[in-house]
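Encoded as structure tokens, the structure appears first; notes follow it.
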Amino acid sequence: QVQLVESGGGLVQPGGSLRLSCAASGSIVRINAMRWYRQAPGKERDLVARISSVGSTNYADSVKGRFTISRDNAKNTVSLQMNSLKPEDTAVYYCNADIILWSSRGPASYWGQGTQVTVSS
């Protein structure tokens, strides 16, 4: 089984920065795409950023130029550097990864538990 462990959430003032990290563990053969999602109260879970196995990235329009997704394939981690944070960035942030395990025939999508990011003065 896969476990995705997130860290880095918290309270930050508008204009501030946070760095979220997520580490995947288990009998992992390969991790394909890794993603960060967020879900604000009363809203659906939205894709924030995606990074492929070779490092190509995609971002939601709302975070382009402010957020940067990165990964360390050797450590099976994905990070989200969040700069110039706005109150509307307040949400629970979830990491997600497409992972192939030794016990599986193909990739499956796994989710972290989520970490709260609150942007407020």
Side-chain angles (χ1 to χ4, degrees):
Q1 188 82 329
V2 168
Q3 185 176 22
L4 300 179
V5 180
E6 300 165 327
S7 62
L11 175 65
V12 65
Q13 293 185 340
S17 298
L18 283 175
R19 184 177 180 87
L20 306 181
S21 296
C22 178
S25 61
S27 299
I28 298 170
V29 175
R30 176 181 175 85
I31 302 178
N32 293 331
M34 304 184 82
R35 307 171 186 88
W36 286 97
Y37 288 78
R38 68 186 182 187
Q39 187 169 24
K43 297 184 178 180
E44 294 187 345
R45 187 174 299 185
D46 295 324
L47 178 65
V48 176
R50 175 187 182 274
I51 185 166
S52 76
S53 61
V54 295
S56 61
T57 58
N58 301 96
Y59 298 93
D61 288 342
S62 58
V63 307
K64 285 181 179 177
R66 299 188 298 121
F67 291 11
T68 302
I69 189 171
S70 61
R71 65 189 288 166
D72 186 333
N73 290 336
K75 297 180 179 179
N76 290 333
T77 59
V78 61
S79 297
L80 186 69
Q81 178 66 46
M82 305 184 294
N83 299 325
S84 302
L85 283 161
K86 305 174 181 179
E88 51 262 45
D89 295 319
T90 296
V92 177
Y93 284 71
Y94 299 88
C95 63
N96 166 263
D98 298 332
I99 301 175
I100 302 172
L101 303 179
W102 284 109
S103 59
S104 299
R105 295 184 177 90
S109 183
Y110 297 88
W111 293 86
Q113 292 290 105
T115 184
Q116 177 70 47
V117 172
T118 302
V119 184
S120 176
S121 60

message = What I want to check is whether the side chains of T118 and Q116 have a donor and an acceptor closer together than 3.5 Å.
response =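 There is such a pair (donor and acceptor under 3.5 Å, judged by atom type) between the side chains of T118 and Q116.
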key: Donor + acceptor pair across side chains of S17, N83 (<3.5 Å)   =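 Side-chain D/A pair, S17 to N83: present.
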Using every non-hydrogen atom in the two residues, find where [X] and [Y] come nearest and quote the distance to one decimal.
| X | Y | result |
| --- | --- | --- |
| S84 | R66 | O-NH1, 3.0 Å |
| N73 | S53 | ND2-O, 3.3 Å |
| A97 | L4 | N-CD1, 4.2 Å |
| E6 | G112 | OE2-CA, 3.9 Å |
| R38 | S62 | NH2-OG, 3.3 Å |

Give a yes or no answer on whether the side chain of [X] reaches the backbone of [Y] with a donor-acceptor pair at less than 3.5 Å.
| X | Y | result |
| --- | --- | --- |
| T90 | V119 | yes |
| Y59 | I69 | yes |
| R71 | S52 | yes |

message = In terms of relative ring orientation, are Y94 and W111 parallel, tilted or perpendicular, with 30° and 60° separating the classes?
response =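 The rings of Y94 and W111 stand perpendicular, inter-plane angle above 60°.
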task = Could you check if a side-chain atom of N96 sits within less than 4.5 angstrom of a side-chain atom of S109, using non-hydrogen atoms only?
result =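 With C-beta onward as the side chain, the pair touches.
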inquiry  = Any non-hydrogen side-chain atom of Q81 less than 4.5 Å from a side-chain atom of S70?
reply    =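 Sidechains of S70 and Q81: no contact.
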Following the transitive rule for hydrophobic clusters with a side-chain heavy-atom cut-off under 4.5 Å over Ile, Leu, Val, Met, Phe, Trp and Tyr, establish whether [X] and [Y] coincide in one cluster.
| X | Y | answer |
| --- | --- | --- |
| L80 | Y110 | yes |
| Y37 | L18 | no |
| V12 | M82 | yes |

Residues K86, D89: salt bridge by 4.0 Å N-O rule =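 No salt bridge links K86 with D89.
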inquiry  = Test of understanding: with side-chain hydrogen bond (donor to acceptor under 3.5 Å, both in side chains), list the residues that count as partners of S103, not counting sequence neighbours.
reply    =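 Here no residue qualifies.
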key: Over 12 foreign heavy atoms within 6.0 Å of CD, E88   =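 It does: E88 CD has more than 12 such atoms within range.
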[atom2] on [Y] to [atom1] on [X], rounded to 0.5 Å:
| X | Y | atom1 | atom2 | answer |
| --- | --- | --- | --- | --- |
| D98 | M34 | CG | CE | 9.5 Å |
| I100 | N32 | CD1 | CG | 5.0 Å |
| F67 | S79 | CZ | OG | 13.5 Å |
| D46 | Q39 | CG | CD | 8.0 Å |
| S27 | I99 | OG | CD1 | 11.0 Å |
| L101 | I28 | CG | CD1 | 6.5 Å |

inquiry  = Quick test of your reading: applying disulfide (SG to SG under 2.5 Å), list the pairs with at least one residue in residues 49-82, sequence neighbours left out, ordered by first then second residue.
reply    =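 Every candidate disulfide (SG to SG under 2.5 Å) pair involving residues 49-82 fails, so no pair, neighbours aside, qualifies.
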task = Only pairs at least two apart or in different chains count here, so list each salt bridge (Lys or Arg N to Asp or Glu O under 4.0 Å) that has a residue in residues 72-85.
result = none
message = Determine whether S120 and L11 satisfy the following criterion, side-chain contact (heavy atoms from CB on, under 4.5 Å), listing intermediate values before the conclusion.
response = CA-CA 7 Å; S120 176; L11 175 65; 4.3 Å; yes
